[in-house]
*Asks:* 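What follows is a single structure, and I will ask about it in a moment.
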Protein chains: 2
Amino acid sequence: MVPVTAPTRTRLAPEQRRTQLLDLGVRLLATRSLDELSIDVLAEEAGISRGLLYHYFGGKHAFHEAVVRHAADDLIAQTAPPEGGEPLERLLASVTAYVDYVVANHAGYQSLVKAAASGNDVLREIYEDARSALTGRIFTEDPWGDLIPDTPVNRLVVRGWSAMVEELVLAWVADPADVPRDRLLELVAGSLPALVESAGS
Amino acid sequence: MVPVTAPTRTRLAPEQRRTQLLDLGVRLLATRSLDELSIDVLAEEAGISRGLLYHYFGGKHAFHEAVVRHAADDLIAQTAPPEGGEPLERLLASVTAYVDYVVANHAGYQSLVKAAASGNDVLREIYEDARSALTGRIFTEDPWGDLIPDTPVNRLVVRGWSAMVEELVLAWVADPADVPRDRLLELVAGSLPALVESAGS
DNA sequence: TGCCACTATTGAACGAGCGTCAATAGGATG
DNA sequence: CATCCTATTGACGCTCGTTCAATAGTGGCA
């Protein structure tokens with residue numbers, strides 16, 4: 001009985017193997033949760049043995065952390081804010097980049113969001129940091145002059161707004177229904193000024 | 001060596017045991033995730049054997065579902081909307097009931113929210129149904145006459161708004177900081193009209 | 001070209017924890 | 001007080017995460 005697929009052991013450079021496993025992890029953890037993902041399945045999918053995962057990441061949970069960091073870094077890197085322009089245009093550009101990223105990589109984004117709610121404090125912190133990286137500039141770079149002063153209430157408002165944006169985009173991606181992309185974009189971008197206005201200081 | 005605590009086997013009526021286990025489950029699953037909660041810990045905490053949990057719920061995941069349903073039903077029951085009054089006042093009353101519920105039972109609410117993101121489709125559906133039960137009346141009971149027509153865009157807006165409210169309240173409960181409760185309430189209640197207005201149609 | 005050291009990779013063995021089932025004991029009823 | 005009903009138990013099997021010594025690619029050096 002000769003094996004159909006050659007059991008050839010392929011040897012990669014550590015860097016390549018690591019990113020291969022991380023990318024695979026991002027894809028697999030987008031739909032399944034961590035305890036629904038067995039090491040055996042992951043190993044077989046990657047074409048490696050179980051032991052190798054432990055060599056690179058030291059454990060299942062540590063692997064999950066690495067995957068989430070990978071997704072978070074990718075998100076932050078690919079949604080860098082534009083340099084100049086009008087405040088409202090910059091906001092719209094940021095939001096557009098964010099929406100397009102979620103549309104293009106919603107596997108990665110899903111695995112990031114899942115991790116935030118489903119798990120230990122380390123994962124939640126990674127998620128919080130990523131969100132802060134995206135929203136923090138609203139205050140630090142002060143895109144609207146002094147239209148949105150840095151008060152406790154406005155901190156809450158921006159935090160709530162970002163949760164809303166996430167929900168809207170994920171819902172829209174899952175089912176674009178009758179709402180065109182541009183409509184979503186102006187909806188999302190226009191809501192922040194409206195909310196700040198409604199909060200009043 | 002005599003056991004310190006008597007190993008007396010206490011026999012309860014099925015209904016009592018069931019609710020005892022569900023309440024305990026709600027409390028324990030508020031902070032830990034499901035795979036961080038071992039049957040042994042749960043059993044010892046409840047003063048029962050592992051086997052009994054399987055007798056009542058049939059399995060760990062089934063138990064989780066029951067716990068989440070328990071929390072969701074409790075939420076829906078305790079935030080029933082008021083009967084009459086002005087639309088805006090009814091909205092404020094609903095929001096107040098919701099906020100007060102989360103403040104009073106945020107263990108239960110946390111376990112509900114955690115379940116939504118962290119798991120299988122059944123859990124997410126329970127969560128979605130609960131959210132729909134809370135927000136659906138906005139359309140069906142038409143609290144603002146025709147100020148908020150039932151369009152695809154407004155469905156999205158209300159969905160996003162509810163995500164925002166959840167985030168705001170949880171963040172505020174975790175750290176009330178310098179924002180008084182009434183300020184939060186008017187913030188949350190006032191944001192929906194503002195969002196609908198900003199969405200325009 | 002051929003050996004050698006280095007290290008990426010493996011697979012078997014161990015333990016923890018979930019799930020099953022026949023046996024046990026509380027308590028109400030006559 | 002005896003007996004039946006059923007809530008409750010505890011030991012067993014099995015899957016799956018984790019460990020570690022052994023194995024086999026690969027690049028460098030003679």
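In what follows, chains carry the letters A, B, and so on, assigned in the order in which the sequence lines appear, proteins first and then strands, with residues in each chain numbered from 1. It should be emphasised that the depicted structure is a prediction, and the values quoted were computed from it without experimental measurement.
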*Asks:* Starting at CZ of A/Arg11 and ending at P of D/dG25, how long is that distance when rounded to a whole Å?
*Replies:*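 Taking atom P of D/dG25 as the reference, CZ of A/Arg11 is at 9 Å.
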*Asks:* Name the residue closer to the 5' end of DNA chain D, choosing between B/Arg50 and B/Ala13 according to the nucleotide with the nearest heavy atom.
*Replies:*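 Taking each residue's closest nucleotide, the earlier one in sequence belongs to B/Ala13.
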*Asks:* For a quick check under 3.5 Å, do B/Arg131 and B/Tyr127 share a side-chain donor-acceptor pair by atom type?
*Replies:*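 Note: B/Arg131 and B/Tyr127 side chains meet the donor-acceptor criterion.
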*Asks:* If you pin A/Leu12 and A/Asp35 to their nearest nucleotides in DNA chain D, which one's is more 5'?
*Replies:*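 It is A/Asp35 whose nearest nucleotide is closer to the 5' end.
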*Asks:* Where the side chain of B/Arg183 meets the backbone of A/Ala199, is there a donor-acceptor pair that is under 3.5 Å apart?
*Replies:* yes
*Asks:* If you look at every strand shown and take non-hydrogen atoms under 4.0 Å, does A/Ser49 touch a base, only sugar-phosphate, or nothing?
*Replies:* base
*Asks:* If the cut-off is 4.0 Å, is B/Tyr54 near the phosphate of C/dT20, judged by side-chain N/O to OP1 or OP2?
*Replies:* no
*Asks:* In whole angstrom, give the distance that lies between atom CG of A/Asp40 and atom P of C/dA12.
*Replies:* 13 Å
*Asks:* Where is the tightest heavy-atom contact between A/Leu34 and A/Lys60, given as atom of each residue plus distance?
*Replies:* O-NZ, 3.0 Å
*Asks:* Does a nitrogen or oxygen in the side chain of A/Arg17 sit under 4.0 Å from OP1 or OP2 of C/dT9?
*Replies:* yes
*Asks:* Write down the distance between CZ (A/Phe57) and P (D/dT19), rounded to a whole number of angstrom.
*Replies:*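 Atom CZ in A/Phe57 sits about 15 Å away from atom P in D/dT19.
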*Asks:* Does A/Leu37 reach a base, just sugar-phosphate, or nothing at all? Heavy atoms under 4.0 Å.
*Replies:*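 Sugar-phosphate only.
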*Asks:* Output yes when at least one side-chain N/O atom of A/Tyr56 is less than 4.0 Å from OP1 or OP2 of C/dA8, else no.
*Replies:* no
*Asks:* How many whole angstroms separate atom CD1 of B/Ile48 from atom P of D/dT9?
*Replies:* 7 Å
*Asks:* If you measure from the Lys or Arg side-chain nitrogens to the Asp or Glu carboxylate oxygens, is any gap between A/Arg69 and A/Glu125 under 4.0 Å?
*Replies:* no
*Asks:* Grab the CD-C1' distance between B/Gln20 and D/dA7 for me, whole Å please.
*Replies:* 13 Å
*Asks:* Hey, does the side chain of A/Glu167 reach the backbone of B/Met164 with a donor-acceptor pair shorter than 3.5 angstrom?
*Replies:* no
*Asks:* Classify B/Ile39 by what it touches in the nucleic acid, base, sugar-phosphate, or nothing, heavy-atom distance under 4.0 Å.
*Replies:* sugar-phosphate
*Asks:* Between C1' on C/dT24 and CG on B/Leu52, what's the gap in Å once rounded to a whole number?
*Replies:*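 To the nearest whole Å, that distance equals 14 Å.
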*Asks:* Look at B/His55 and D/dT8 and indicate whether a side-chain polar atom (N or O) is within less than 4.0 Å of OP1 or OP2.
*Replies:*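 Answer is no, no contact under 4.0 Å.
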*Asks:* With DNA chain C as reference, determine whether B/Leu34 or A/Leu53 sits nearer its 5' end, using the nearest nucleotide of each.
*Replies:*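 With B/Leu34 and A/Leu53 compared, the 5'-side residue is A/Leu53.
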*Asks:* Measure from CD on B/Gln16 to C1' on D/dT6 and round the result to the nearest Å.
*Replies:*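 It works out to 15 Å between those atoms.
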